[in-house]
Asker: 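Sharing a structure below in structure tokens format, with a few things to ask.
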There are 4 protein chains.
Amino acid sequence: MPKQTFFNLPAEKRKKILDVAVKEFAEQGYKGANISRMVLEAGIAKGSFYQYFEDKDDLYLYIITTMIAGKKLAIYEREKGRLEDLSLTGFLRAVSHQIFQDFMENPGLLRIGADLMRLEGEPVYQKIMGCYPKLSESVFMPFIQHEIGQGEISEKVNPRLLNFIFISLGLYLAYDLKTTNAETIHEELVDRMLDDMEYILKNGIYTDKGKSM
Amino acid sequence: MPKQTFFNLPAEKRKKILDVAVKEFAEQGYKGANISRMVLEAGIAKGSFYQYFEDKDDLYLYIITTMIAGKKLAIYEREKGRLEDLSLTGFLRAVSHQIFQDFMENPGLLRIGADLMRLEGEPVYQKIMGCYPKLSESVFMPFIQHEIGQGEISEKVNPRLLNFIFISLGLYLAYDLKTTNAETIHEELVDRMLDDMEYILKNGIYTDKGKSM
Amino acid sequence: MPKQTFFNLPAEKRKKILDVAVKEFAEQGYKGANISRMVLEAGIAKGSFYQYFEDKDDLYLYIITTMIAGKKLAIYEREKGRLEDLSLTGFLRAVSHQIFQDFMENPGLLRIGADLMRLEGEPVYQKIMGCYPKLSESVFMPFIQHEIGQGEISEKVNPRLLNFIFISLGLYLAYDLKTTNAETIHEELVDRMLDDMEYILKNGIYTDKGKSM
Amino acid sequence: MPKQTFFNLPAEKRKKILDVAVKEFAEQGYKGANISRMVLEAGIAKGSFYQYFEDKDDLYLYIITTMIAGKKLAIYEREKGRLEDLSLTGFLRAVSHQIFQDFMENPGLLRIGADLMRLEGEPVYQKIMGCYPKLSESVFMPFIQHEIGQGEISEKVNPRLLNFIFISLGLYLAYDLKTTNAETIHEELVDRMLDDMEYILKNGIYTDKGKSM
DNA sequence: CATGAATGAGACTTCATTCAT
DNA sequence: TATGAATGAAGTCTCATTCAT
């Protein structure tokens with residue numbers, strides 16, 4: 001947990017530091033993230049960093065738990081009251097909108113989450129799982145379960161697989177961005193992706209001819 | 001490219017070294033992979049490593065290009081003759097079988113591939129893309145294009161998205177493995193995943209009720 | 001180029017580091033120079049070295065260009081205004097005085113310069129020649145050319161050879177020092193050498209008898 | 001001292017090994033010389049090297065003492081019988097011819113000799129000086145002393161300085177070669193250098209005008 | 001609290017030498 | 001004797017963390 005000194009900082013500076021850190025962890029991964037680069041980028045002294053955070057892990061843990069888990073839980077908190085009357089499409093749009101928001105604000109957050117998978121054996125992973133044991137399942141699962149319960153998603157759909165596909169959406173955005181050489185993420189790009197995904201989820205991928213083979 | 005000395009080694013030792021390296025790169029990522037750990041694990045001297053490989057990058061590149069690209073191209077080479085008469089389901093099974101094979105032989109290979117995305121700005125990434133510029137698109141794309149051309153996959157399906165979903169399958173296996181605490185991968189697990197995926201691809205995820213909302 | 005941190009150091013410490021480095025490069029040559037030994041001798045941490053300099057080459061280049069080239073150019077700058085009225089003897093004395101100064105302050109500098117010749121094929125040599133392409137000719141040549149133009153040195157004298165002889169003077173001092181087991185260099189030693197050299201340059205080496213043979 | 005196995009080799013192979021070694025030591029210096037490169041170049045196995053020589057020093061010492069000292073002593077041995085009637089010019093030519101021979105056969109020998117100066121503090125230097133304490137003075141000195149005794153070289157000439165100038169001739173050739181970008185050493189180049197040097201040794205460098213200033 | 005230099009463990013890499021075949 | 005793989009000490013360089021100002 002960051003030290004009190006960090007929370008005493010003006011909000012703007014705090015945000016700057018976290019933005020830089022998210023970018024660094026996202027682009028370089030946990031292992032490759034470099035504190036010297038971060039403080040340089042954030043415009044603070046190296047010593048200051050250690051007055052704000054215990055160490056590298058402290059910062060990483062804070063980002064993971066507060067920002068990722070926090071954001072994802074935020075969807076749940078916001079939407080759970082509407083679970084009863086939210087149409088499936090609406091749910092997908094809502095969730096995706098949140099993902100899009102994440103991306104616009106912090107394109108790195110999703111990649112950080114993806115990186116987390118790798119750290120299984122590391123001490124830092126144990127620390128994280130000590131706080132958020134179900135971190136990886138905490139996002140879409142409740143919605144999916146709810147839709148199945150409502151009879152809107154077929155019981156034959158494996159919820160874990162579907163959950164994973166949703167999680168992958170963010171990575172797909174990054175992948176798509178890279179392979180199309182788009183400079184920035186336009187909302188349009190996200191919408192197109194959502195349309196594409198919706199089509200598959202609604203119709204599957206086959207033509208009638210394809211289905212009959 | 002590894003030096004001749006590496007290829008002069010007994011096949012068993014060569015395999016041991018590559019297995020250890022794949023494990024290391026898979027678990028630690030490119031940045032976190034540690035040569036000291038590898039040579040310790042592989043039971044060779046530090047100096048020997050550098051008689052086999054130019055440097056860390058040389059080994060990494062060899063694994064990426066030969067093992068990953070090599071295997072993936074192997075699917076293509078093996079199946080392309082049958083593209084005409086291969087049913088879609090058959091294609092999916094064939095590809096998945098290959099992925100499964102990869103996983104049984106080297107659970108790390110897929111994670112290494114996933115890690116590659118992160119390295120974009122690094123020199124090693126340039127090296128790889130110098131050899132395999134289309135590495136990320138080279139696997140499933142031809143099949144997908146072919147099926148669309150045959151009118152078996154709907155033209156409304158975004159091939160890039162579908163390609164990405166397929167690529168994610170391997171990651172899903174890893175994810176599933178971890179979250180279910182399965183010790184090893186059973187072929188049964190793969191089959192279940194394939195069944196689950198096929199269901200979605202064929203039917204979408206919605207019930208009639210869900211679709212009509 | 002050293003980093004700013006190096007120039008922020010107290011002058012005394014900076015001098016200590018450079019003195020140690022010059023000694024190391026002079027005694028061990030570029031290849032044999034050892035950073036661990038340098039930092040031990042200079043009383044700084046290994047890591048500090050790399051906060052001051054990019055790498056070994058950075059330090060070497062700095063010494064070569066700043067100290068050697070710097071000093072040599074200093075002679076030129078100081079004396080060029082007097083080129084018109086400086087007698088040849090005076091010129092030799094001035095130059096030699098500078099060499100002597102170099103030697104008293106940093107006996108290693110001249111040996112470093114001599115070592116440079118060996119590095120021709122090395123990357124570091126290219127770096128140096130990128131900055132100072134005429135480094136080896138930049139010292140005495142202008143004076144010699146001037147004297148020839150003035151008709152004070154015979155046109156039959158090969159200026160390149162003469163330049164080389166002058167350059168060798170410094171090495172001769174080192175050589176003389178070693179072979180006479182003199183502990184330190186006395187100014188007297190330099191004067192004797194200069195007298196000896198002047199004699200040869202003025203009279204040649206032969207007696208009348210010798211010349212007639 | 002090389003082991004008996006070395007002397008059992010066919011002369012041609014022995015020569016090849018020594019040629020390669022001289023080249024390596026000359027170009028890279030004692031510290032930079034690399035045994036792997038040598039055996040590669042010489043076309044022998046690494047293990048063989050250590051069956052011919054005790055270690056790197058053993059080879060280096062052998063080259064220094066046998067080839068350099070040997071060659072230089074050879075001049076003396078060959079010419080000393082003619083010391084009585086050898087004209088000064090003849091002496092210079094004879095010596096220079098030998099230097100030229102050295103250069104044509106083994107351009108590296110002279111540079112190795114020059115490199116020796118640097119090694120003063122090293123164990124290998126002690127070894128060498130244990131065998132040839134006067135190595136550096138053994139070449140031209142006897143001739144110079146003789147000429148002075150004959151009254152052909154002025155007594156006012158410092159024999160040590162002259163000795164050094166002669167030693168430098170070889171280095172000058174290398175220097176000249178490098179700065180004129182000549183590809184190979186022509187005999188013509190040596191002759192020109194000798195002519196240039198002779199002029200200076202005979203006439204000094206000054207014009208009458210220059211002398212009178 | 002802010003600063004940025006200082007620290008040193010540990011990473012990658014080289015290379016003289018040994019050793020098994 | 002010939003071979004070339006094996007070895008590990010030692011070198012260069014990185015970077016998280018501490019510390020003096």
Asker: Would you mind telling me which of E:dC12, E:dA5, E:dA2 lies closest to the side-chain atoms of A:Lys46?
Answerer: E:dA5
Asker: Provide, to the nearest angstrom, the distance between the CE atom belonging to D:Met38 and the C1' atom belonging to E:dC15.
Answerer: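 Taking CE of D:Met38 and C1' of E:dC15, I get 12 Å after rounding.
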Asker: Measure from the side-chain heavy atoms of A:Asn34 and tell me the nearest of E:dA16, F:dC15, F:dT3.
Answerer: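 Closest nucleotide to the A:Asn34 side chain: F:dC15.
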Asker: Are the side chain of D:Glu24 and the backbone of D:Asn34 linked by a donor-acceptor contact shorter than 3.5 Å?
Answerer: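 Confirmed, D:Glu24 side chain pairs with D:Asn34 backbone.
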Asker: Which is true for B:Thr5 with a 4.0 Å heavy-atom rule: it touches a base, it touches only sugar-phosphate, or it touches nothing?
Answerer: sugar-phosphate
Asker: Whole-Å distance between F:dT17 C1' and A:Lys56 NZ?
Answerer: 12 Å
Asker: Whole angstroms only, please: what is the OH-C1' distance between D:Tyr50 and E:dA20?
Answerer: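 Distance check: D:Tyr50 OH to E:dA20 C1' gives 17 Å.
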Asker: Look at the rings of A:Tyr62 and A:Phe6 and say which category their plane angle falls in: under 30° parallel, 30 to 60° tilted, over 60° perpendicular.
Answerer: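 Perpendicular: the ring planes of A:Tyr62 and A:Phe6 meet at over 60°.
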Asker: Taking for each residue the nucleotide of DNA chain E bearing the nearest heavy atom, is the 5' side occupied by B:Arg37 or by C:Lys13?
Answerer: C:Lys13
Asker: Nearest of E:dC1, E:dA5, F:dA2 to any side-chain atom of C:Gln51?
Answerer: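 Closest nucleotide to the C:Gln51 side chain: E:dA5.
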Asker: Main chain of A:Ala33, side chain of B:Lys31: is a donor-acceptor contact present, judged purely on distance under 3.5 Å?
Answerer: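 Looks like no, no N/O pair under 3.5 Å.
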Asker: Within the structure shown, what part of the strands sits under 4.0 Å from C:Lys3 by heavy-atom distance: base, sugar-phosphate, or nothing?
Answerer: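 Here C:Lys3 touches no strand at all.
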Asker: Contact class for D:Phe6 vs. all strands (heavy atom < 4.0 Å): base, sugar-phosphate, or nothing?
Answerer: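 Touches nothing.
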Asker: Between E:dC1, E:dA5, E:dA16, which nucleotide has the shortest distance from any of its atoms to the side chain of A:Asn8?
Answerer: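 From the listed options, E:dC1 comes nearest.
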Asker: Of the nucleotides E:dA2, F:dT14, F:dA16, which has the atom closest to the A:Ile35 side chain?
Answerer: F:dA16
Asker: Could you tell me how far apart B:Asp55 (CG) and E:dA11 (C1') are, to the nearest whole angstrom?
Answerer: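 Value for this atom pair: 14 Å.
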Asker: Can you tell me the Watson-Crick or wobble partner of E:dT21, both distances under 3.5 angstrom?
Answerer: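 Base-paired to F:dA2.
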Asker: With sugar-phosphate meaning primed atoms plus P, OP1 and OP2, does B:Lys31 contact a base, only sugar-phosphate, or nothing at under 4.0 Å between heavy atoms?
Answerer: nothing
Asker: Would you mind reading off the distance between C:Leu40 atom CG and F:dT12 atom P, rounded to a whole angstrom?
Answerer: 13 Å
Asker: Can you tell me the distance, in whole Å, between the CD1 atom of B:Ile44 and the C1' atom of F:dA5?
Answerer: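 Checked: the CD1 to C1' distance equals 11 Å.
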Asker: Want to settle it: does C:Phe49 or B:Leu9 sit nearer the 5' end of DNA chain F, counting the closest nucleotide to each?
Answerer: B:Leu9
Asker: For B:Glu24 and E:dA11, what is the distance between atoms CD and C1' respectively, to the nearest whole Å?
Answerer: 12 Å
Asker: At 4.0 Å (heavy atoms only), tell me whether A:Phe53 reaches a base, stays on the sugar-phosphate, or touches nothing.
Answerer: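 No contact.
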Asker: From the list E:dT17, F:dT12, E:dG8, which nucleotide is the closest neighbour of the side chain of C:Ala45?
Answerer: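 In terms of side-chain proximity for C:Ala45, the closest of E:dT17, F:dT12, E:dG8 is E:dG8.
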Asker: Taking CG from A:Asp58 and C1' from F:dT17, how many angstroms apart are they, rounded to a whole number?
Answerer: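 That distance rounds to 14 Å.
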Asker: So, OP1 or OP2 of F:dT3: does either fall under 4.0 Å of a side-chain N or O from D:Ser48?
Answerer: yes
Asker: If you assign B:Gly47 and D:Glu54 each to the DNA chain E nucleotide with the nearest heavy atom, which residue ends up on the more 5' nucleotide?
Answerer: B:Gly47
Asker: More than 12 non-hydrogen atoms from neighbouring residues, nucleotides or ligands closer than 6.0 Å to CD on B:Gln4, yes or no?
Answerer: yes
Asker: Check this for me: does any side-chain nitrogen of one of B:Glu27 and B:Lys23 sit under 4.0 Å from a carboxylate oxygen of the other?
Answerer: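 So B:Glu27 pairs with B:Lys23 through a salt bridge.
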Asker: Let me know which of A:Val20, A:Asp19, A:Ile17 forms a side-chain contact (heavy atoms from CB on, under 4.5 Å) with A:Glu41.
Answerer: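 Going through the options one by one, the only one that passes is A:Val20.
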